[in-house]
Amino acid sequence: FYKPGSHIAWHDDAHWYATVTHYLNSEWDRSNGGLFLYEHNDSIMGICPQKNLAVIQTNATPHAVSRLTDNSPIRIVLHSFLIKKD
């Protein structure tokens, strides 16, 4: 649960094989912030949360979450962190 005003700074989750972020809010307006940001080919890309959308990350992709506005609803996500089985 991400409260209004929260964010996640840039990081890469390099210690995980993969990560999955699953969005659970029934609706989300991008003006509330909370966008998933990631680096791709020297550019910053963004994904707006949508109900039942899952973002899967591999290869230690640098990513962040933009700040939620002070009056946004709580942002609800399920994070999964995967390890590589040898």
Side-chain angles (χ1 to χ4, degrees):
F1 296 93
Y2 293 93
K3 295 179 181 178
S6 63
H7 73 284
I8 300 174
W10 285 97
H11 63 287
D12 63 17
D13 291 335
H15 53 287
W16 298 106
Y17 175 69
T19 61
V20 180
T21 301
H22 188 177
Y23 300 104
L24 302 176
N25 290 79
S26 59
E27 295 181 12
W28 192 263
D29 186 322
R30 68 180 176 191
S31 66
N32 290 319
L35 303 179
F36 179 85
L37 306 173
Y38 65 99
E39 288 185 11
H40 179 70
N41 295 333
D42 296 324
S43 294
I44 303 298
M45 308 297 286
I47 297 173
C48 185
Q50 297 177 33
K51 184 178 182 179
N52 291 326
L53 173 68
V55 175
I56 301 171
Q57 304 164 77
T58 58
N59 301 320
T61 302
H63 60 282
V65 174
S66 68
R67 185 182 181 280
L68 277 70
T69 61
D70 291 335
N71 60 348
S72 74
I74 292 174
R75 182 175 174 267
I76 306 169
V77 301
L78 175 64
H79 292 295
S80 300
F81 301 93
L82 309 175
I83 58 174
K84 186 174 184 178
K85 187 173 182 178
D86 294 325

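A quick note: this is a predicted structure, and the numbers were derived from the prediction, not measured. One is the number of the first residue; the rest follow in order along the sequence.
N41 and S43 share no side-chain donor-acceptor pair at under 3.5 Å. Between the side chains of T69 and N71, at least one donor-acceptor pair of N or O atoms lies under 3.5 Å.
Cluster membership check: I47 does not share its hydrophobic cluster with I56, using side-chain heavy-atom separations under 4.5 Å among Ile, Leu, Val, Met, Phe, Trp and Tyr. Criterion: ILVMFWY side-chain heavy atoms under 4.5 Å apart, direct or through other members. Under it, V65 and V55 are part of a common hydrophobic cluster. A continuous path of ILVMFWY side-chain contacts below 4.5 Å connects I8 to Y38, so both sit in one hydrophobic cluster.
Summarising the geometry of S66 relative to G33, their closest heavy-atom pair is OG-C, 3.7 Å, with the distance given to 0.1 Å. Across all non-hydrogen atoms, the minimal contact from P4 to S72 is CG-O, 3.1 Å. A pairwise comparison of heavy atoms in C48 and R30 identifies SG-CB, 3.6 Å as the closest pair. Residues H40 and M45 approach most closely at CB-CG, 3.8 Å, considering heavy atoms. Residues G5 and D70 come closest through the heavy atom pair CA-OD1, 4.1 Å.
Remark: L78 CG is packed, more than 12 non-hydrogen atoms of other residues, nucleotides or ligands lying under 6.0 Å away. Within a 6.0 Å radius of OH in Y17, other residues, nucleotides and ligands contribute 12 heavy atoms or fewer.
At distances below 3.5 Å, not a single donor-acceptor pair connects side-chain atoms of S80 with backbone N or O atoms of V20.
Within the 4.5 Å cutoff, the side chain of Q50 has no heavy atoms near those of the Y23 side chain. Looking at heavy atoms from C-beta onward, H11 lies in side-chain contact with H63 at the 4.5 angstrom threshold. At a threshold of 4.5 Å between non-hydrogen side-chain atoms, the residues W10 and I44 count as touching. For the pair N52/H22, a side-chain contact is recorded, criterion being any heavy-atom separation below 4.5 Å from C-beta on. T21 places a side-chain heavy atom less than 4.5 Å from the side chain of H79. Two residues are said to be in side-chain contact when any heavy atoms from C-beta on lie closer than 4.5 Å; N32 and R75 fail this criterion.
Of the residues listed (V77, I74, I76), the one engaging Y2 in a side-chain contact (heavy atoms from CB on, under 4.5 Å) is V77, and it is the only one.
For the atom pair CG of L35 and CG of L68, the computed distance is 9.0 Å after rounding to the nearest 0.5 Å.
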